[in-house]
A.B. asks: 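Let me give you the structure first, and then I'll get to my questions.
Excluded from the calculations below are hydrogen atoms, water molecules and symmetry mates; all remaining heavy atoms, backbone and side chain alike, are included.
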Amino acid sequence: MLLRRRARRRGLGRHGSGELGGRGADSGWNRKRFLAAFDKRKGTTRTASPTANNGLVGAVFTHDTGGDHFCTASVVDSAAQNLIVTAAHCVYDPGSGQRSDLVFVPGYRGGDAPSGVWPLGAITVDPSWANGGNPDLDVAFAIVEPQDGKQVQQVLGANKLGINKGYQLRVRLTGYPSSQDVPITCMNLTSQQSATQLRIDCPDYSGGTSGSPWVTGYDPGTRTGTVVGVIGGYQEGGNTPDTSYSSYFGDAVQALYNRATS
């Protein structure tokens, strides 16, 4: 599986000084400034700053933060305000079922869990993944349990789910390499790998970044965007750390989301 193959790769070779500034920085962004930053930084991987949007992304651990994080997930909008999206191969083994005792740690950084530790409950994958590991539906939605009487989206907000948005999109890709205790981020244009797969070229996305969200259409007012993919799919996300793939978010992913939220 990708999370195992990627775990054998070397860790990050480069670290930036930050992404787009600290928590207060997002509020000063508009479309013109974003596009200028995109053109300047596209294809460059750097440490992700602790912004509101990056805080929607978290590391996935077994049991608690005492072990190693092995995948990435992010909060996605739902009526129940309790849903995250990740790669199916992170949370569900074809033929044997859902992995147990997993937790989502949004904003994880340097061993700290600033937004809490959220246990995963029900996990929804497509039958074609559950039965045979279909790479075209390497996507999973998971319900996370409430903490202190609140749902995860109430605490953090959420990105929207993007369906049938096309193949060439400006996206930000943010995730957690297993070799690092901070997230990394990269902006670039996606391209079509096939009718059912997206591709992006961003360096150093090694083990642990499976499930990292591909976010487009960032809105500086809400400090959220739209998730149009997650690292997974073809080659379970990619056999090299510099090129990543995602199952295309089409009608089948919409149907999967509908099942997860029904």
A.B. asks: Do you reckon V253 sits in the same ILVMFWY cluster as I143, going by side-chain contacts under 4.5 Å, direct or chained?
C.D. replies: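 Yes, same cluster.
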A.B. asks: Please name the pair of heavy atoms, one in Y176 and one in G107, separated by the smallest distance, quoted to 0.1 Å.
C.D. replies: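 So the minimum-distance heavy-atom pair works out to OH-C, 3.3 Å.
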A.B. asks: Would you say the side chain of Q193 lies within less than 4.5 Å of the side chain of S246, judging by non-hydrogen atoms?
C.D. replies: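 S246 does not reach Q193 side chain to side chain.
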A.B. asks: Taking atom CG of D136 and atom OH of Y234, what is their separation to the nearest 0.5 Å?
C.D. replies: 11.5 Å
A.B. asks: Taking all non-hydrogen atoms of both residues, which atom of P106 and which atom of W118 are closest, and how far apart?
C.D. replies: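 What the structure gives for the nearest pair is CD-CD1, 3.6 Å.
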A.B. asks: Going by an N to O cut-off under 4.0 Å, is there a salt bridge joining D93 and R99?
C.D. replies: yes
A.B. asks: Using every non-hydrogen atom in the two residues, find where L83 and A260 come nearest and quote the distance to one decimal.
C.D. replies: CD1-CB, 4.3 Å
A.B. asks: Could you walk me through whether S244 and I200 pass the side-chain contact (heavy atoms from CB on, under 4.5 Å) test, one step at a time?
C.D. replies: CA-CA 5 Å; S244 298; I200 192 170; 4.1 Å; yes
A.B. asks: Just checking, any donor-acceptor pair under 3.5 angstrom between side chains of D181 and Y108?
C.D. replies: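 The answer is yes; a qualifying pair exists.
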A.B. asks: Just so I know, are the side chains of Y245 and I231 near enough to count as touching, which here means a heavy-atom distance under 4.5 Å?
C.D. replies: no
A.B. asks: For the pair Q197 (side chain) and P135 (backbone), establish whether a donor and an acceptor sit closer than 3.5 Å, ignoring hydrogens and angles.
C.D. replies: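 Here the side-chain-to-backbone pair exists.
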A.B. asks: Between S178 and G207, is there a donor-acceptor pair closer than 3.5 Å when you use the side chain of the first and the backbone of the second?
C.D. replies: yes
A.B. asks: A side-chain contact here means heavy atoms from C-beta on lying under 4.5 Å apart; do N159 and N53 qualify?
C.D. replies: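 A side-chain contact exists here, since the closest heavy-atom pair is under 4.5 Å.
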A.B. asks: Would the distance check show the side chain of R259 and the main-chain N or O of V125 forming a donor-acceptor pair, the cut-off being under 3.5 Å?
C.D. replies: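 Yes; judged by distance alone, with no hydrogens or angles, the pair exists.
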A.B. asks: Is T209 reaching over with its side chain to a backbone N or O of S212, donor-acceptor style, under 3.5 angstrom?
C.D. replies: no
A.B. asks: Assigning hydrophobic clusters by single linkage (Ile, Leu, Val, Met, Phe, Trp, Tyr; side-chain heavy-atom cutoff under 4.5 Å), is V139 placed with L102?
C.D. replies: no
A.B. asks: For D138 and G232, which heavy atoms make the closest approach, and how far apart are they?
C.D. replies: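 Nearest pair, atom of D138 first, then G232: OD2-CA, 3.5 Å.
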A.B. asks: Is V171 close to M187 at the side-chain level, that is, under 4.5 Å between some pair of heavy atoms?
C.D. replies: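 In short, these two side chains do not touch, never coming nearer than 4.5 Å.
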A.B. asks: Give the C-alpha distance, both sets of side-chain angles, the deciding distance and a yes or no for side-chain contact (heavy atoms from CB on, under 4.5 Å) between D77 and Q153.
C.D. replies: CA-CA 7 Å; D77 182 63; Q153 186 174 335; 2.7 Å; yes
A.B. asks: Rounded to the nearest 0.5 Å, what separates atom CD in Q98 from atom OG1 in T124?
C.D. replies: 8.5 Å
A.B. asks: When rounded to the nearest 0.5 angstrom, what is the spacing between CG in N188 and OG1 in T44?
C.D. replies: 8.5 Å
A.B. asks: Between W129 and H89, what is the ring plane arrangement, given parallel below 30°, perpendicular above 60°, and tilted in between?
C.D. replies: tilted
A.B. asks: Find out whether V76 and K160 are in side-chain contact, i.e. whether some heavy atom of one side chain is under 4.5 Å from a heavy atom of the other.
C.D. replies: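 Counting from C-beta outward, V76 and K160 never come under 4.5 Å.
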A.B. asks: With ring-ring contact (aromatic ring centres under 6.0 Å, His included) as the rule and sequence neighbours excluded, what pairs involving residues 136-168 come up?
C.D. replies: F141-Y257, Y167-Y248
A.B. asks: Taking atom types as modelled, find out whether N164 and D251 have a side-chain donor-acceptor pair closer than 3.5 angstrom.
C.D. replies: yes
A.B. asks: Roughly how far apart are I84 CD1 and T72 OG1, rounded to 0.5 Å?
C.D. replies: 10.5 Å
A.B. asks: Go through the steps to decide whether F70 and V60 satisfy the test side-chain contact (heavy atoms from CB on, under 4.5 Å), and finish with yes or no.
C.D. replies: CA-CA 6 Å; F70 62 91; V60 178; 3.8 Å; yes
A.B. asks: Within the 4.5 Å heavy-atom criterion, are V91 and L120 side-chain neighbours or not?
C.D. replies: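 When only atoms from C-beta onward are counted, L120 and V91 do touch, with a gap below 4.5 Å.
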A.B. asks: Quick one: does D112's side chain have a donor or acceptor within less than 3.5 Å of a partner on P114's backbone?
C.D. replies: no
A.B. asks: Can you name the nearest heavy-atom pair linking G233 to S247, along with the distance?
C.D. replies: CA-OG, 3.6 Å
A.B. asks: Would you compute the distance between atom CG of D126 and atom CG of N134 and round it to the nearest 0.5 angstrom?
C.D. replies: 7.0 Å
A.B. asks: Judged by modelled atom types alone, do D201 and T243 share a side-chain donor-acceptor pair under 3.5 Å?
C.D. replies: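 Note: D201 and T243 side chains meet the donor-acceptor criterion.
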A.B. asks: Under 6.0 Å from the CG atom of N131, do we count more than 12 heavy atoms belonging to anything else shown?
C.D. replies: yes
A.B. asks: Quick check: is V230 connected to V215 through a chain of hydrophobic side chains (ILVMFWY, heavy atoms under 4.5 Å apart)?
C.D. replies: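 Linked, V215 and V230 end up in one cluster.
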A.B. asks: Could you report the tightest heavy-atom contact between G250 and I163, atom names first, then the distance?
C.D. replies: O-CG2, 3.6 Å
A.B. asks: Side chains of S115 and L156, heavy atoms from C-beta outward: is any pair under 4.5 Å?
C.D. replies: yes
A.B. asks: side-chain contact (heavy atoms from CB on, under 4.5 Å) for Q254 and F249? Distances and angles first, verdict last.
C.D. replies: CA-CA 7 Å; Q254 179 68 66; F249 279 21; over 6 Å; no
A.B. asks: What distance do I184 atom CD1 and T174 atom OG1 have between them, rounded to the nearest 0.5 Å?
C.D. replies: 8.5 Å
A.B. asks: Would you say D148's side chain and K150's backbone share a donor-acceptor pair under 3.5 angstrom?
C.D. replies: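 No, the answer is negative, given that no donor and acceptor are paired below the 3.5 Å cut-off.
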A.B. asks: Are the side chain of H69 and the backbone N or O of Q180 linked by a donor-acceptor pair below 3.5 Å?
C.D. replies: yes
A.B. asks: Does any part of the side chain of T224, heavy atoms only, come nearer than 4.5 Å to the side chain of L56, both counted from C-beta?
C.D. replies: yes
A.B. asks: Would a single hydrophobic cluster contain both V144 and I123, if residues Ile, Leu, Val, Met, Phe, Trp and Tyr are joined by side-chain heavy-atom contacts under 4.5 Å?
C.D. replies: yes
A.B. asks: Can you get from V75 to V155 by hopping between Ile, Leu, Val, Met, Phe, Trp and Tyr side chains that sit under 4.5 Å apart?
C.D. replies: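 Linked, V75 and V155 end up in one cluster.
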A.B. asks: Any donor-acceptor pair under 3.5 Å linking the side chain of T45 with the backbone of P203?
C.D. replies: yes
A.B. asks: Just one of L169, V228, T216, L173 clears the side chain to side chain contact (heavy atoms under 4.5 Å, CB included) bar with T190, so which one?
C.D. replies: L169
A.B. asks: Are side-chain N/O atoms of T51 and S49 paired as donor and acceptor at under 3.5 Å?
C.D. replies: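 No donor-acceptor contact under 3.5 Å links the two side chains.
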